[in-house]
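Working notes, structure below.
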Amino acid sequence: MLQQTRAEVVIPYYQRFLERFPDAATLAQAKQADVLACWSGLGYYSRARNLQAAARAITASGGFPRDYHSLRALPGVGPYTAAAVSSIAFDQPCAVLDGNVLRVIARITNDGSDIALARTRAQFQRVADGLLAPECPGDFNQAMMELGATICLPRAPGCTSCPVARFCEACKAGTQGELPVKSGKLQPQTIRAEVVIVEKDSKILLHRRAARERRMAGFWDLPQPAELNGLHSVVTLGSFRHTITHHHYTLNVLAGAVPHIPRGFRWWRLDRMQDIPLSTIARKAIRLRHPRTN
DNA sequence: AAAACGGGGGC
DNA sequence: GCCCCAGTTTT
């Protein structure tokens with residue numbers, strides 16, 4: 001859950017998720033749609049699928065992996081997560097390199113190399129490994145991340161209150177504000193789209209996205225006008241914006257009626273929206289008409 | 001190596 | 001509006 005997601009945002013999801021799926025065996029046995037529903041709103045949904053796949057692998061193998069390489073072999077576990085779990089849970093001497101640590105290392109060493117490059121990350125990994133305190137690797141890693149999250153901030157580095165300012169080459173040189181250097185920003189794209197709310201007896205019409213869809217596979221979605229034969233009584237409810245990575249959507253939300261349920265669609269009760277995986281775009285559109293809906 | 005993948009929070 | 005977040009996988 002913490003991959004590319006702020007800890008404060010994660011906490012309520014984490015608590016609900018662990019209440020629902022308290023251990024690997026429970027998660028392994030669950031239906032994927034229930035796992036996604038519990039994750040719905042947190043984003044990066046492949047993390048949820050990978051976590052369940054990992055739970056199944058762990059259950060099948062009969063034991064939780066305890067070293068970097070076995071952890072790394074689990075689906076959804078990359079270099080960061082393998083290092084974090086092996087060091088924090090199992091005292092293994094593996095330095096983590098997340099966004100915070102990249103920034104801290106770039107500043108401590110006053111290194112203006114592009115952190116988007118693999119070569120730079122490999123270099124920073126060597127620096128972090130060299131700094132790691134082998135007697136308490138978990139504490140060291142958490143301290144590095146916490147330093148980046150609370151003091152060595154992206155925009156406003158708090159050098160005056162920094163406990164390691166006297167070791168920091170960027171602070172000495174006064175370059176902390178320009179570091180780290182990161183290239184490769186994608187061109188933003190603007191996209192207009194329309195969705196339709198067809199409502200009857202406190203239920204709305206949704207369809208399930210195919211399992212092989214690239215994005216939001218298996219999620220429930222609102223219809224687009226072209227998908228509704230015989231759509232009539234159309235009115236505009238309003239519009240809103242939503243950004244997904246570098247795609248800027250402007251959603252126009254319509255309401256209307258159809259003569260019969262189209263193929264692939266079904267009615268879902270408005271008071272049951274929390275039970276299904278639903279994109280935030282769909283939730284925002286539904287909330288335009290029903291402000292208190294989940 | 002670059003792009004895709006969600007969503008929200010801070011300024 | 002832009003940047004970034006306790007990154008990983010796919011192209």
Side-chain angles (χ1 to χ4, degrees), chain A residues 1-14 36 39-51 53-54 71-89 94-106 114-122 124-125 128 137-150 152-157 177-191 209 212-219 221 240-251 277-284 287:
Chain A
M1 285 182 171
L2 290 165
Q3 291 166 0
Q4 288 287 282
T5 308
R6 288 176 208 282
E8 312 88 85
V9 176
V10 162
I11 289 168
Y13 285 89
Y14 173 79
L36 291 174
W39 201 280
S40 189
L42 195 54
Y44 285 134
Y45 297 100
S46 64
R47 294 181 299 178
R49 295 191 189 85
N50 285 334
L51 184 59
L71 284 159
R72 181 69 184 79
L74 292 171
V77 176
Y80 164 76
T81 306
V85 174
S86 61
S87 66
I88 296 169
C94 306
V96 300
L97 204 60
D98 73 335
N100 290 306
V101 179
L102 282 170
R103 184 170 57 255
V104 170
I105 302 276
D114 181 359
I115 62 168
L117 299 178
R119 188 180 60 247
T120 305
R121 291 180 183 237
F124 284 19
Q125 180 73 60
D139 288 345
F140 172 85
N141 281 330
Q142 295 192 68
M144 288 288 279
M145 294 188 282
E146 196 70 4
L147 184 62
T150 60
C152 196
L153 299 170
R155 311 256 191 142
E178 350 258 304
L179 295 172
V181 172
K182 185 178 184 181
S183 73
K185 288 156 189 97
L186 294 173
Q187 193 73 15
Q189 311 223 352
T190 63
I191 302 161
R209 295 171 67 86
R212 63 175 174 285
E213 294 261 15
R214 220 150 143 346
R215 300 198 312 258
M216 317 292 292
F219 275 59
D221 223 349
F240 63 90
R241 294 172 187 282
H242 184 73
T243 299
I244 298 176
T245 62
H246 59 294
H247 300 109
H248 299 303
Y249 288 88
T250 301
L251 272 294
L278 196 60
S279 71
T280 294
I281 283 182
R283 286 188 203 280
K284 283 184 177 176
R287 276 203 292 260

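Fair warning: this is a prediction, and the values are worked out from it, not measured in the lab. Residue numbers start from 1 in every chain, and the chains themselves are labelled A, B, ... in the order their sequence lines are given, proteins ahead of strands.
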Quantified in whole Å, what is the [atom1] atom distance between nucleotide [N] and nucleotide [M]?
N: dA3(B); M: dA6(C); atom1: C1'; value: 23 Å
N: dT8(C); M: dG9(B); atom1: C1'; value: 23 Å
N: dC4(C); M: dC5(B); atom1: C1'; value: 15 Å
N: dG6(B); M: dT11(C); atom1: P; value: 14 Å

Given that S183(A) and G43(A) both sit by DNA chain B, which one's nearest nucleotide is further toward the 5' end?
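Looking at the nearest nucleotide for each, S183(A) comes out on the 5' side.
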Of L117(A) and L278(A), whose nearest nucleotide on DNA chain B comes first from the 5' end?
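Going by which nucleotide is closer to the 5' end, it is L117(A).
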If I take atom [atom1] in residue [X] and atom [atom2] in nucleotide [N], what distance separates them, rounded to the nearest angstrom?
X: R283(A); N: dG6(B); atom1: CZ; atom2: P; value: 14 Å
X: R47(A); N: dG7(B); atom1: CZ; atom2: P; value: 10 Å
X: K185(A); N: dG1(C); atom1: NZ; atom2: P; value: 18 Å
X: L153(A); N: dA6(C); atom1: CG; atom2: P; value: 10 Å
X: N100(A); N: dG7(C); atom1: CG; atom2: C1'; value: 12 Å
X: Y13(A); N: dA6(C); atom1: OH; atom2: P; value: 16 Å
X: M1(A); N: dG7(B); atom1: CE; atom2: P; value: 15 Å
X: K182(A); N: dC2(C); atom1: NZ; atom2: C1'; value: 12 Å

Please enumerate all residues that pass side-chain contact (heavy atoms from CB on, under 4.5 Å) together with I191(A), with sequence neighbours excluded.
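If we apply the side-chain contact (heavy atoms from CB on, under 4.5 Å) test to I191(A), skipping adjacent residues, the hits are H247(A), Y249(A).
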Excluding sequence neighbours, so at least two apart, what forms side-chain contact (heavy atoms from CB on, under 4.5 Å) with T280(A)?
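Counting only residues at least two positions away or on another chain, T280(A) forms a side-chain contact (heavy atoms from CB on, under 4.5 Å) with H242(A), K284(A).
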Is there a donor-acceptor contact under 3.5 Å from the side chain of [X] to the main chain of [Y]?
X: R121(A); Y: I115(A); value: yes
X: Q125(A); Y: A95(A); value: yes
X: D114(A); Y: T120(A); value: no
X: Q3(A); Y: G76(A); value: yes

Assign [X] to base, sugar-phosphate, or nothing according to its heavy-atom contacts below 4.0 angstrom with the strands shown.
X: A156(A); result: nothing
X: L186(A); result: sugar-phosphate
X: G148(A); result: nothing

Side-chain contact test, heavy atoms from C-beta onward, threshold under 4.5 Å: evaluate it for M145(A) versus V101(A) and give yes or no.
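The answer is yes, as the side chains (C-beta and beyond) meet within the 4.5 Å cut-off.
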I want to check something: taking the side chain as every heavy atom from C-beta on, are S40(A) and R283(A) in contact at a cut-off of under 4.5 Å?
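Side-chain contact under 4.5 Å: yes.
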Short side-chain N/O contact from [X] to OP1 or OP2 of [N], under 4.0 Å:
X: Q3(A); N: dG7(C); value: no
X: H242(A); N: dG6(B); value: no
X: R103(A); N: dC5(C); value: yes
X: T245(A); N: dA4(B); value: no

Parsed dot-bracket for DNA chain B after applying the Watson-Crick and G-U rules with both distances under 3.5 Å and | for other-strand partners is |||||.|||||
Check whether the side chain of Y44(A) and the base of dG6(B) form a donor-acceptor pair under 3.5 Å.
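Present.
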Assess whether one donor atom and one acceptor atom, taken from the side chain of T5(A) and the base of dG6(B), lie less than 3.5 Å apart.
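Counting by modelled atom types and ignoring angles, a donor-acceptor contact under 3.5 Å is found here.
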Short heteroatom pairs, N/O only, protein and nucleotides 9-11 of chain B, under 3.5 Å:
residue	atom	partner	partner atom	Å
dG10(B)	N2	R155(A)	NH2	3.0

So which protein nitrogen or oxygen atoms get under 3.5 Å of nucleotides 9-11 of chain C's nitrogens or oxygens?
residue	atom	partner	partner atom	Å
dT9(C)	OP1	G76(A)	N	2.5

Can you list the residues that meet the salt bridge (charged side-chain N to carboxylate O under 4.0 Å, His left out) rule with E213(A), with sequence neighbours excluded?
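Only R209(A) meet the salt bridge (charged side-chain N to carboxylate O under 4.0 Å, His left out) criterion with E213(A).
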Say whether N50(A) and R47(A), considering side chains only, have a donor N or O and an acceptor N or O under 3.5 Å apart.
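There is no such pair (donor and acceptor under 3.5 Å, judged by atom type) between the side chains of N50(A) and R47(A).
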Give, for atom CG of L71(A) and atom SG of C94(A), the distance between the pair rounded to the nearest 0.5 Å.
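If we round to the nearest 0.5 Å, L71(A):CG and C94(A):SG are 9.0 Å apart.
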Kindly compute the distance separating CG (L42(A)) from OG1 (T5(A)), expressed to the nearest 0.5 Å.
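If I round to the nearest 0.5 Å, the distance is 5.5 Å.
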Tell me if the CZ atom of F240(A) is crowded by more than 12 foreign heavy atoms within 6.0 Å.
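For F240(A), atom CZ is crowded (more than 12 foreign heavy atoms under 6.0 Å).
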When you get a sec, tell me which of dG6(B), dC4(C), dG8(B) is the closest nucleotide to the side chain of K284(A)?
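That would be dG8(B).
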